[in-house]
Amino acid sequence: MSFPLASIAIYNSVTFGVFSNAQRFISQYRNTSRTHPPDFLDLTFASILAGCVSVVIGGPVDLVKIKLQMQTQTASSDIMALNQNTSLHGYQTSYKGPIHCVNCILRKEGFMGMYRGAGAMLLRDIPGYCLYFIPYIYLSEWLKLEHHTTPGALSVWLAGGIAGAISWGTATPMDVVKSRLQADSLYNRKYKGVKDCITQSYCNEGIQVFFRGITVNAIRGFPMSAAMFLTYELSLQALKASKESN
């Protein structure tokens with residue numbers, strides 16, 4: 001968990017920054033900056049851009065995390081597939097840590113190996129961020145108290161939580177595909193790509209395989225996103241107040 005923990009602050013700050021700045025730029029370009037709530041098309045384009053950027057930053061992080069978490073299971077399947085008399089213990093320490101894992105992937109698969117499963121991640125994050133930022137913007141405006149120019153803390157918390165639950169819940173099917181592609185072994189490749197992974201998963205396990213963990217994802221998404229949006233909005237307010245006082 002050291003790698004995702006070390007990068008999550010950068011990941012979220014860049015994603016939120018890309019969305020807010022892209023939305024502002026697009027609104028100014030289309031002369032819709034005075035629309036309240038913001039124009040739906042502006043929000044959609046900004047969310048799509050944020051989703052693309054999230055894959056660039058988050059793809060390698062997710063890959064390393066899954067490789068480290070799955071290396072024991074992957075090792076056992078490799079031994080059976082290759083029919084080698086290699087002990088499992090030797091494979092259990094194949095990755096000594098995140099840096100070593102990155103070096104191994106780069107050496108064996110090259111730079112593009114760091115983006116294995118990126119196609120599935122794009123299919124997860126683009127609609128996922130559209131269903132993250134857009135519901136948040138409209139819900140926070142709807143929950144805003146009368147005679148207030150900006151949503152209060154409770155409105156932000158509720159809107160962020162609901163948006164997170166919607167986004168994480170609907171992203172579950174492609175998250176399953178992404179995780180399977182990223183956990184796929186280099187020496188015993190099971191899936192040729194996104195389409196093949198979807199087809200094999202459906203044929204072998206049925207449609208329900210794409211919805212495993214959807215309840216947990218939705219429940220987890222509420223407090224996590226509520227805290228994230230609230231911290232984001234309060235931080236912006238503090239920075240603006242500090243800037244104005246100077």
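This one's a predicted model, so the numbers in the text were calculated from it and none came from an experiment.
Among residues at least two apart or in separate chains, salt bridge (charged side-chain N to carboxylate O under 4.0 Å, His left out) pairs with a member in residues 210-219 are Glu205-Arg212. For residues 53-64, every residue pair satisfying the side chain to side chain donor-acceptor pair (under 3.5 Å) rule, not counting sequence neighbours, is listed here: Ser54-Asp125, Asp62-Lys178. Counting only residues at least two apart or in different chains, salt bridge (charged side-chain N to carboxylate O under 4.0 Å, His left out) contacts with residues 220-238 are absent.
Formation of a donor-acceptor pair under 3.5 Å by the Tyr202 side chain with backbone atoms of Val209 is not found in this model. Ser242 places no side-chain N or O within donor-acceptor distance of the main-chain N or O of Ala238, the cut-off being under 3.5 Å. One N or O on the side chain of Tyr115 and one on the backbone of Val56 form a donor-acceptor pair closer than 3.5 Å. For Asn217 (side chain) and Thr172 (main-chain N/O), no donor-acceptor pair under 3.5 Å exists by modelled atom type. Counting only distance, with no hydrogens or angles, the side chain of Ser225 and the backbone of Phe222 share no donor-acceptor pair below 3.5 Å. Without hydrogens or angle criteria, Ser167 side chain to Ala163 main chain gives no donor-acceptor distance under 3.5 Å. Ser140 places no side-chain N or O within 3.5 Å of a backbone atom of Val156 that could act as its donor or acceptor partner.
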- Taking it one step at a time, do Leu43 and Phe19 satisfy side-chain contact (heavy atoms from CB on, under 4.5 Å)? CA-CA 8 Å; Leu43 295 174; Phe19 169 78; 3.8 Å; yes

- Run the side-chain contact (heavy atoms from CB on, under 4.5 Å) check on Val53 and Val14 step by step: do they pass? CA-CA 8 Å; Val53 172; Val14 170; 3.8 Å; yes

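Contact between Gly59 and Gln182 at its shortest, heavy atoms only, is O-NE2, 3.6 Å. Looking at every heavy atom in both residues, Gly113 comes nearest to Leu63 through O-CD2, 3.1 Å. The minimum heavy-atom distance between Tyr191 and Arg116, with the atom names listed, is O-NH2, 3.5 Å. What you find for Phe133 and Ala50 is that their closest heavy atoms are CE1-CB, 4.1 Å. Closest non-hydrogen pair, Pro135 versus Ile166, comes out as CB-CD1, 4.5 Å. Across all their heavy atoms, Ser47 and Ile134 have their closest contact at OG-CG1, 4.0 Å.
Between Tyr132 and Tyr129, the two ring planes are perpendicular [angle over 60°; tilted spans 30° to 60°]. Between Phe16 and Tyr232, the ring-plane angle classifies as tilted under the 30° and 60° cut-offs.
Under the 4.5 Å side-chain heavy-atom criterion for Ile, Leu, Val, Met, Phe, Trp and Tyr, Tyr95 and Val102 are members of the same hydrophobic cluster. In the hydrophobic clustering of this structure, Val176 does not group with Val55; members are Ile, Leu, Val, Met, Phe, Trp, Tyr whose side-chain heavy atoms approach within less than 4.5 Å, directly or through other members. Clustering ILVMFWY residues whenever any of their side-chain heavy atoms sit less than 4.5 angstrom apart, transitively, puts Phe211 in a cluster other than the one holding Val216. Hydrophobic clustering places Leu106 together with Leu68 (ILVMFWY residues linked when any side-chain heavy atoms are closer than 4.5 Å, directly or through intermediates). Under the 4.5 Å side-chain heavy-atom criterion for grouping Ile, Leu, Val, Met, Phe, Trp and Tyr, Leu123 is not connected to Met121 through any hydrophobic cluster.
Rounding to the nearest 0.5 Å gives a distance of 7.0 Å between NZ of Lys190 and OG of Ser201. Note that CG of Asp42 and CD of Gln28 are 10.5 Å apart. Values are rounded to the nearest 0.5 Å. Rounding to the nearest 0.5 Å places CG of Leu236 at 11.0 Å from OG1 of Thr231. The NZ atom of Lys67 sits 13.5 Å away from atom NE2 of His100, with the distance rounded to the nearest 0.5 Å. Between atom CZ of residue Arg24 and atom CG of residue Asn21 there is a gap of 5.0 Å, rounded to the nearest 0.5 Å. Remark: Ile26 CD1 to Asn31 CG distance equals 13.5 Å, nearest 0.5 Å.
Considering only residues two or more places apart in sequence or on other chains, Tyr136 meets the ring pair (Phe, Tyr, Trp, His ring centres under 6.0 Å) condition with Phe229. In terms of the side chain to side chain donor-acceptor pair (under 3.5 Å) criterion, Thr15 has no residue partners (sequence neighbours excluded). Scored by the side-chain contact (heavy atoms from CB on, under 4.5 Å) test, Ile126 finds Ile48, Cys52, Leu122 as partners (sequence neighbours excluded).
The number of heavy atoms from other shown groups lying within 6.0 Å of OH (Tyr11) is above 12.
Counting heavy atoms from C-beta outward, Arg30 and Leu41 have side chains that approach closer than 4.5 Å. For the pair Cys104/Arg107, a side-chain contact is recorded, criterion being any heavy-atom separation below 4.5 Å from C-beta on. With contacts defined as side-chain heavy-atom distances shorter than 4.5 Å, the pair Met174/Val194 qualifies.
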